[in-house]
K.L.:
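Take this structure, written in structure tokens, and hold onto it; I'll ask about it next.
For clarity, every value in this text was computed on a predicted model and none was experimentally measured.
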Amino acid sequence: MTAKAEKSRRWRAAAAGAAAALVVGILGGTITKLGPWYAGLIKPPWQPPDLVFPIAWTIIYALTAASGVLAWLASRDRVWREWVIGLFALNGFLNLLWSFLFFRLYRPDWAFFEVFALLASILVLIVFLWPRTRLGALLLVPYVGWVCFAAALNWAIIELNGPFGP
């Protein structure tokens, strides 16, 4: 591959990764409603201010996009790249599903159980990426930490406000 073709390949991968992260971020933002229902929930005293969440998610999405780009560029194998796309797509879906369950269906209890699938998808990505791009795998570690924190916060909200549902 020529240097020009490699540079073009890198730019296309970066643009695709940024676009995917942007789509998930925008969709997540439209799903997340901080309306009267959320405002009325009792939250634990250790919950950070609401402003922290979009900042944290922006960082997480940027790191995830960079991880995806590194994973894509780490292989010339089409099958491996398809796995990369599939695993990141599944992760994005599970990320959005959590928001939908919590903020749209008003079911923190369901969201709590779903968060384990989200966490598993991140861990699978880390294990899958490790042999090809350790940096790509390591960029997902803050995501694991944030989702673990979110799970603890989710559980605290269930404890303080449950039961949920009809």
K.L.:
Has W98 got a side-chain atom pairing as donor or acceptor with A111's backbone, closer than 3.5 angstrom?
P.N.:
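Such a contact is found between W98 side chain and A111 backbone.
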
K.L.:
Within the side chain of R104, is there an N or O that forms a donor-acceptor pair under 3.5 Å with the backbone of I31?
P.N.:
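Answer holds: yes.
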
K.L.:
Determine all donor-acceptor pairs shorter than 3.5 Å in which one atom belongs to a side chain in residues 79-88; sequence neighbours excluded.
P.N.:
residue	atom	partner	partner atom	Å
R81	NH1	S75	O	3.0
R81	NH1	R76	O	3.0
E82	OE2	R78	NE	3.0
E82	OE2	R78	NH2	3.0

K.L.:
So if you build clusters from Ile, Leu, Val, Met, Phe, Trp, Tyr with side-chain heavy-atom gaps below 4.5 Å, do F103 and I26 land together?
P.N.:
no

K.L.:
Is the side chain of K33 donor-acceptor paired with the backbone N or O of Y38 at a distance under 3.5 Å, no angle test?
P.N.:
no

K.L.:
I'd like to know if I126 and L70 are part of one continuous hydrophobic network [Ile/Leu/Val/Met/Phe/Trp/Tyr, side-chain heavy atoms within less than 4.5 Å].
P.N.:
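No, because L70 and I126 fall into different hydrophobic clusters, even though each may have its own neighbours under 4.5 Å.
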
K.L.:
So which atom in L94 and which in A117 form the shortest heavy-atom distance, rounded to 0.1 Å?
P.N.:
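In terms of heavy atoms, the two residues are closest at CD1-O, 3.5 Å.
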
K.L.:
Taking all non-hydrogen atoms of both residues, which atom of A66 and which atom of L139 are closest, and how far apart?
P.N.:
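For A66 and L139, the tightest heavy-atom pair comes out as CB-CD1, 3.8 Å.
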
K.L.:
When you group the ILVMFWY residues by side-chain heavy-atom contacts below 4.5 Å and let the links chain together, are L73 and L138 in the same group?
P.N.:
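No, because L138 and L73 fall into different hydrophobic clusters, even though each may have its own neighbours under 4.5 Å.
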
K.L.:
Flag the pair N154 / F113 as yes when at least one side-chain heavy-atom distance between them is below 4.5 Å, and no otherwise.
P.N.:
no

K.L.:
Name every donor-acceptor pair, under 3.5 Å, that has one atom in a side chain of residues 57-64 and the other anywhere in the protein, sequence neighbours excluded.
P.N.:
residue	atom	partner	partner atom	Å
T58	OG1	P54	O	2.7
Y61	OH	N95	OD1	3.2
T64	OG1	I60	O	2.8

K.L.:
What residues form a ring-ring contact (aromatic ring centres under 6.0 Å, His included) with W46, not counting sequence neighbours?
P.N.:
F149

K.L.:
Taking all non-hydrogen atoms of both residues, which atom of A137 and which atom of S67 are closest, and how far apart?
P.N.:
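Smallest heavy-atom distance, with atoms named: N-OG, 4.5 Å.
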
K.L.:
Does any part of the side chain of L118, heavy atoms only, come nearer than 4.5 Å to the side chain of Y143, both counted from C-beta?
P.N.:
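Yes, at least one pair of side-chain atoms sits under 4.5 Å.
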
K.L.:
Tabulate below the donor-acceptor pairs under 3.5 Å that side-chain atoms of residues 156-166 make, not counting sequence neighbours, or state none.
P.N.:
residue	atom	partner	partner atom	Å
N161	OD1	I42	N	2.8
N161	ND2	I42	O	2.7
N161	ND2	I157	O	2.8

K.L.:
Treating Ile, Leu, Val, Met, Phe, Trp and Tyr as nodes and any side-chain heavy-atom pair under 4.5 angstrom as an edge, say whether L140 and V69 lie in one connected cluster.
P.N.:
no

K.L.:
Restricting to pairs with a member in residues 113-123, which pass side chain to side chain donor-acceptor pair (under 3.5 Å), not counting sequence neighbours?
P.N.:
N91-S121

K.L.:
For the SG atom of C148 and the CD1 atom of I122, what is their distance to the nearest 0.5 Å?
P.N.:
8.0 Å

K.L.:
Do L135 and F128 belong together in a cluster built from hydrophobic side chains that touch within less than 4.5 Å?
P.N.:
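No, L135 and F128 fall in different hydrophobic clusters.
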
K.L.:
Please report the interatomic distance CZ(F100) to CG(L27), rounded to the nearest 0.5 Å.
P.N.:
12.5 Å

K.L.:
Provide the closest heavy-atom pair for A21 versus A65 in the form atom of the first, atom of the second, distance.
P.N.:
CB-CB, 3.7 Å

K.L.:
For the residue pair L34 and T32, establish whether any side-chain heavy-atom pair is separated by less than 4.5 Å.
P.N.:
yes

K.L.:
Which residues pass the ring-ring contact (aromatic ring centres under 6.0 Å, His included) test with W155, not counting sequence neighbours?
P.N.:
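With sequence neighbours excluded, W155 shows a ring-ring contact (aromatic ring centres under 6.0 Å, His included) to F112, given in chain and number order.
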
